[in-house]
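Here's the structure we're looking at; comments come further down.
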Amino acid sequence: MNLESYEAAWRNQAAPTPADLARRARRAHRGRFLILGLATVNTLVATGVAIANASFSPLTLALPLLALGVLAILIRRQLHLRQAWRQSTEAVADALHLSLREVDQELTSQKTLGLYAALTVPLFAVLLYQLHAAGKMNQNAVFSLSLMLAGVYLGNAARIWYRRGQLLPQRDHLQRVIAQLR
Amino acid sequence: MPTPPRLATFEAWLLQNGAILHKIARAYATPTDRDDLHQDLLLALWDALPFYRAEAQPQTFIYRVALNRALNWTRTRRPHVPLPDLPAPTRDTDQLDQLYAAIAQLPELDRSLILLHLDGLTYAEIAQVLGLTETNIGARLTRLRQRLKEMLT
């Protein structure tokens, strides 16, 4: 069999069932919007009830804060999606370059965060030592604060290390695909 | 004329060009991941639909969106061990399976190029989708077709 017969087989392929595809897409979107809609309505109703009863419990304050948090997440996600959409509608070569730039930018920001931590750790150590030497902090307070700071820094370091582990193979992959453009 | 609603356009596009998404999913994903990628491509198309401007053919736009998403998908996925597919016993399907298997062995960008060529896009349209020059595409396709011939014989 020659390549032409393979090409003919390809072009004779029957179209997929479009009704099923459309139905699946509709269902996925309907589910997502239903969950978001219900959460928003629930929050608004609960806030309204709490305000009407003039019961200023921590819950009354927490609910609008929660709604604001959800709003912030949605806006952030929307902005990210806009960027993703822009990439997805570019020509493939341009989109690949945009993706590589995005990955490089994130790697740079991770590196900056790491450097910032490397600079601030000795600063905090000196600061704690000085406070203790001046009698402003007792041994227990120094120990507690050091433990808390160590936890925060270790958490950040783990996050940076994990993210770099994800980004570096992506950068290599993108560079490899972009090299195919030449 | 009023702009057609998003869903109506989406459905019309899927009716006319739905096979494109299947082909791309098959070329870029292993049989186990194919449905995931296909869903992803559908969502990408839905998301990108408001950004469609009529200066390009819908087919070209769909290819752009789907290929970008497929390439993006391959970079964020860990490689999986492909499972054997179960082909239906028809002559055309056998040929297609062999062709897809050959395409899957090509580098990512060459896969896009051969998919576009097999779907009968002109060099100008391929250039529009991939962002390469027509001369470059011509040269690459000659090389690619030769390579495919060797792989399939």
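Just so we're on the same page: letters track the sequence lines, and every chain starts at 1.
In the hydrophobic clustering of ILVMFWY residues, with side-chain heavy atoms under 4.5 Å counting as a link, Leu131(A) and Tyr129(A) come out apart. In the hydrophobic cluster analysis, where Ile, Leu, Val, Met, Phe, Trp and Tyr join through side-chain heavy atoms closer than 4.5 angstrom, Leu128(A) is grouped together with Met148(A). Both Leu45(B) and Leu7(B) are assigned to one and the same hydrophobic cluster, defined by single-linkage of ILVMFWY side chains at heavy-atom distances under 4.5 Å. Cluster annotation: Leu127(A) and Tyr153(A) are assigned to the same hydrophobic cluster (Ile/Leu/Val/Met/Phe/Trp/Tyr, side-chain heavy-atom contacts under 4.5 Å, transitive). Cluster membership check: Leu145(A) does not share its hydrophobic cluster with Leu154(A), using side-chain heavy-atom separations under 4.5 Å among Ile, Leu, Val, Met, Phe, Trp and Tyr.
Contact annotation for Gln16(B): neither backbone nor side-chain heavy atoms come within less than 4.5 Å of a heavy atom of chain A. Heavy atoms closer than 4.5 Å to chain A are found nowhere in Asn17(B), neither backbone nor side chain. Contacts between Arg145(B) and chain A at a heavy-atom distance below 4.5 Å involve backbone atoms as well as side-chain atoms.
Between atom OG of residue Ser99(A) and atom CG of residue Leu71(B) there is a gap of 9.0 Å, rounded to the nearest 0.5 Å.
In terms of heavy-atom pairs under 4.5 angstrom with chain A, the leader among Leu67(B), Leu113(B), Asn136(B), Val129(B) is Val129(B). With chain A as the partner, the residue from Ala127(B), Pro107(B), Gly131(B), Ala66(B) showing the most heavy-atom pairs under 4.5 Å is Pro107(B).
Asn68(B) contributes a side-chain N or O that, together with a main-chain N or O of Glu90(A), makes up a donor-acceptor pair within less than 3.5 Å.
Within residues 169-181 of chain A, the residues having any heavy atom under 4.5 Å from a heavy atom of chain B are, by residue number, Gln170(A), His173(A), Leu174(A), Arg176(A), Val177(A), Gln180(A), Leu181(A).
With contacts defined as side-chain heavy-atom distances shorter than 4.5 Å, the pair Leu96(A)/Leu109(B) qualifies.
Considering every non-hydrogen atom in both Ala91(A) and Gln128(B), the closest pair reads CB-O, 3.7 Å.
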